[in-house]
Amino acid sequence: MAIATINPATGQTEKTFEPHDAQEVERRIALADAATKAMRTTSFEERGAWMRAAADLLEAEADEVAVIMTTEMGKPLAQAKAEALKCVKGMRFYADHAEEFLADEPLADPSKVNASAAYAVYQPLGAVLAVMPWNYPLWQVVRFAAPALMAGNSGLLKHASNVPQSALYLGDLFTRGGFPEGAFSTLLIGSKEVAAVLQDSRVKAVTLTGSEPAGREVAANAGGQIKKAVLELGGSDPFIVMPSADLEKAVDVAVTARVQNNGQSCIAGKRFIVHADVYDRFAALFAEKLRALVVGDPMDAATQVGPLATESGRDDLAELVDDAVKHGATILAGGHAPDRPGWFYEPTLVADLHDGMRLVLEEAFGPVASLYRVTSREEARDIANQTTFGLSSAVWTTDADDEDFFINSIDAGAVFINGMTISYPELPFGGIKDSGFGRELAAAGIREFCNLKTVWKG
């Protein structure tokens with residue numbers, strides 16, 4: 001893919017960029033290595049001041065950055081600004097809490113190990129390569145960058161090739177805030193160049209958010225060199241609705257969960273598993289609200305759903321729906337790409353799904369919801385766990401026994417009860433199975449790229 005901004009609302013190329021050549025990539029890796037060495041001598045207070053300054057810059061420029069994100073990947077403008085401000089919150093969170101999260105951990109009774117003192121310390125690994133996707137052009141990056149920089153690491157960003165302006169903005173933001181040159185920089189390179197960067201001895205670890213195939217490739221590369229990796233991959237999250245649920249609220253949240261970011265969110269509810277006692281009412285309300293959504297120009301304040309970010313993504317989504325219909329699925333809302341310029345797809349609700357349909361097991365990365373009828377919580381659990389993914393999940397119930405059952409039995413990195421999955425700086429985030437490994441955010445996220453070193457004193 002060329003490195004270019006192609007407006008998904010029109011299909012027109014707005015701006016193209018020359019990739020960095022080998023010499024420029026080498027220069028940036030060398031700067032990242034030097035910056036890490038320099039930051040090891042700085043304090044949390046100093047790094048916190050730089051992080052807060054960068055957050056202040058982003059907050060002041062949120063409107064401008066939102067336009068860039070909307071132009072590059074099509075999310076509604078209000079959602080783009082909200083993403084920028086979420087990054088500000090995340091940056092300030094780590095500026096405030098990094099020292100606490102990485103405090104030395106003393107052994108309560110060092111005499112048990114024949115020592116006068118014994119403790120563990122967290123120390124930065126060095127330069128970390130971040131391979132990031134286009135769907136949240138700022139937040140996906142910042143939720144790695146903020147903790148990594150506050151820990152004393154440096155970051156090299158290989159962003160998706162369709163969001164180069166977002167990538168370049170991030171590449172300058174932290175330096176403008178005061179971090180040493182090279183502490184965080186963007187590599188304008190294609191996916192084929194990632195392996196060589198990761199194999200450089202000065203790059204100590206890698207984090208990737210993206211597709212399962214990309215994750216497998218990067219993990220194999222990192223594993224071959226015994227380098228730390230964190231992977232946040234795809235998801236096909238279950239959204240379970242039991243008879244005791246507040247049905248109208250569940251429907252409202254279901255709509256938001258499925259179409260936010262134009263349906264392009266790995267942690268969004270995608271498979272809606274509804275108990276037979278409330279299925280008909282839920283299905284009718286869900287379809288009605290999906291049909292009422294305003295699809296259009298993401299720069300228009302009235303728009304609720306914009307285009308898919310890429311033409312291939314729109315086509316892949318349409319193929320999943322068409323395959324399901326071919327094998328007997330029922331379309332309750334949407335089901336087509338509208339006849340207009342750009343890469344739009346109608347908010348869609350698909351029912352009567354069964355084994356043999358691609359949509360049952362594959363991730364629908366767009367505004368398409370799969371609907372299942374179940375007669376028990378055990379059946380709901382089985383459908384929830386039937387895919388290879390295990391990122392997050394949501395359960396709607398006011399029954400305490402149901403809550404305990406699903407918390408203990410759903411194979412996922414998170415369970416949200418009576419709410420929509422959201423990534424919060426305060427909570428660890430990540431998945432299991434083919435959704436990846438490792439955690440981002442909270443204390444767990446900042447510790448991922450640290451050496452937990454044991455210190456023993458006789």
Is [Y] close to [X] at the side-chain level, that is, under 4.5 Å between some pair of heavy atoms?
X    : Y    : value
F406 : I240 : yes
C450 : Q123 : no
Y136 : K86  : no
V295 : T303 : no
Q12  : I6   : no
K227 : L198 : yes
T10  : P341 : no

For a quick test of reading the model, state the closest non-hydrogen atom pair linking [X] to [Y] and the distance between them.
X    : Y    : answer
A205 : L125 : CB-CD1, 4.2 Å
L308 : N262 : CD1-O, 4.3 Å
S393 : I410 : OG-CG2, 3.7 Å
T5   : T71  : CG2-CG2, 4.1 Å
F437 : A229 : CE1-O, 3.3 Å
F239 : A250 : CZ-O, 3.6 Å

Backbone N or O of [Y] within a donor-acceptor pair of the [X] side chain at under 3.5 Å?
X    : Y    : value
Y94  : A442 : yes
T256 : D252 : yes
T13  : K15  : no
N153 : P124 : no
R271 : A384 : yes
E362 : L320 : no
N162 : E72  : no
E193 : G190 : yes
D300 : A302 : yes

Side chains of [X] and [Y]: do they bring a donor and an acceptor to under 3.5 Å?
X    : Y    : value
E105 : Y122 : yes
W139 : S423 : yes
E14  : N7   : yes
E181 : T175 : no

To the closest 0.5 Å, what do you measure between [atom1] ([X]) and [atom2] ([Y])?
X    : Y    : atom1 : atom2 : answer
Y119 : T454 : OH    : OG1   : 10.5 Å
R143 : T209 : CZ    : OG1   : 5.0 Å
L58  : E64  : CG    : CD    : 10.5 Å
L149 : I446 : CG    : CD1   : 9.5 Å
K112 : L107 : NZ    : CG    : 8.0 Å
K457 : S116 : NZ    : OG    : 7.0 Å

Any salt bridge linking [X] with [Y]? Criterion: basic side-chain nitrogen under 4.0 Å from a carboxylate oxygen.
X    : Y    : answer
D63  : K81  : yes
R439 : E232 : no
R176 : E61  : yes
K433 : E212 : no
R28  : D33  : no
E24  : R27  : yes
K270 : E363 : yes

Next on the checklist: Under 6.0 Å between ring centres: does that hold for F365 and W134?
Outcome noted: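 Here the rings of W134 and F365 have centres that are less than 6.0 Å from each other.
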Checklist entry - Passes side chain to side chain contact (heavy atoms under 4.5 Å, CB included), S166 versus I68? Steps please. => result CA-CA 7 Å; S166 299; I68 292 173; 3.7 Å; yes
Item to check | Mutual orientation of the aromatic rings belonging to H97 and F93 [parallel < 30°, tilted 30-60°, perpendicular > 60°] | outcome: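 The rings of H97 and F93 sit tilted, inter-plane angle from 30° to 60°.
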Next on the checklist: Under the criterion side chain to side chain contact (heavy atoms under 4.5 Å, CB included), I'd like the reasoning laid out for D323 against L359: C-alpha separation, chi angles, the key distance, then a yes or no.
Outcome noted: CA-CA 8 Å; D323 173 79; L359 187 58; 5.9 Å; no
Item to check | Steps toward side chain to side chain donor-acceptor pair (under 3.5 Å) verdict (T42, R47) | outcome: CA-CA 7 Å; T42 63; R47 297 196 294 273; 3.0 Å; yes
Next on the checklist: With salt bridge (Lys or Arg N to Asp or Glu O under 4.0 Å) as the criterion, how do R52 and E59 come out once you've worked through the C-alpha distance, each side chain's angles and the decisive distance to 0.1 Å?
Outcome noted: CA-CA 10 Å; R52 291 184 187 93; E59 185 173 41; over 6 Å; no
Next on the checklist: Would R447 pass as a cation-pi partner of F449, given that its NZ or CZ must be under 6.0 Å from the six-membered ring centre and within 45 degrees of the axis?
Outcome noted: no
Item to check | Stepwise side chain to side chain donor-acceptor pair (under 3.5 Å) test for N221 and E217 | outcome: CA-CA 6 Å; N221 191 344; E217 184 176 346; over 6 Å; no
Next on the checklist: Test salt bridge (Lys or Arg N to Asp or Glu O under 4.0 Å) on R358 and D316; report intermediate values, then the result.
Outcome noted: CA-CA 11 Å; R358 292 175 55 201; D316 289 345; over 6 Å; no
Next on the checklist: Run L168 and L188 through side chain to side chain contact (heavy atoms under 4.5 Å, CB included) and show every step you take.
Outcome noted: CA-CA 8 Å; L168 291 169; L188 284 184; 4.0 Å; yes
Checklist entry - Can you name the one residue among L208, T207, L441 that meets side chain to side chain contact (heavy atoms under 4.5 Å, CB included) with F144? => result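 Only one of L208, T207, L441 forms a side chain to side chain contact (heavy atoms under 4.5 Å, CB included) with F144, namely T207.
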Item to check | Verdict with reasoning, Q79 to Q304, per side chain to side chain contact (heavy atoms under 4.5 Å, CB included) | outcome: CA-CA 9 Å; Q79 293 181 29; Q304 295 167 293; over 6 Å; no
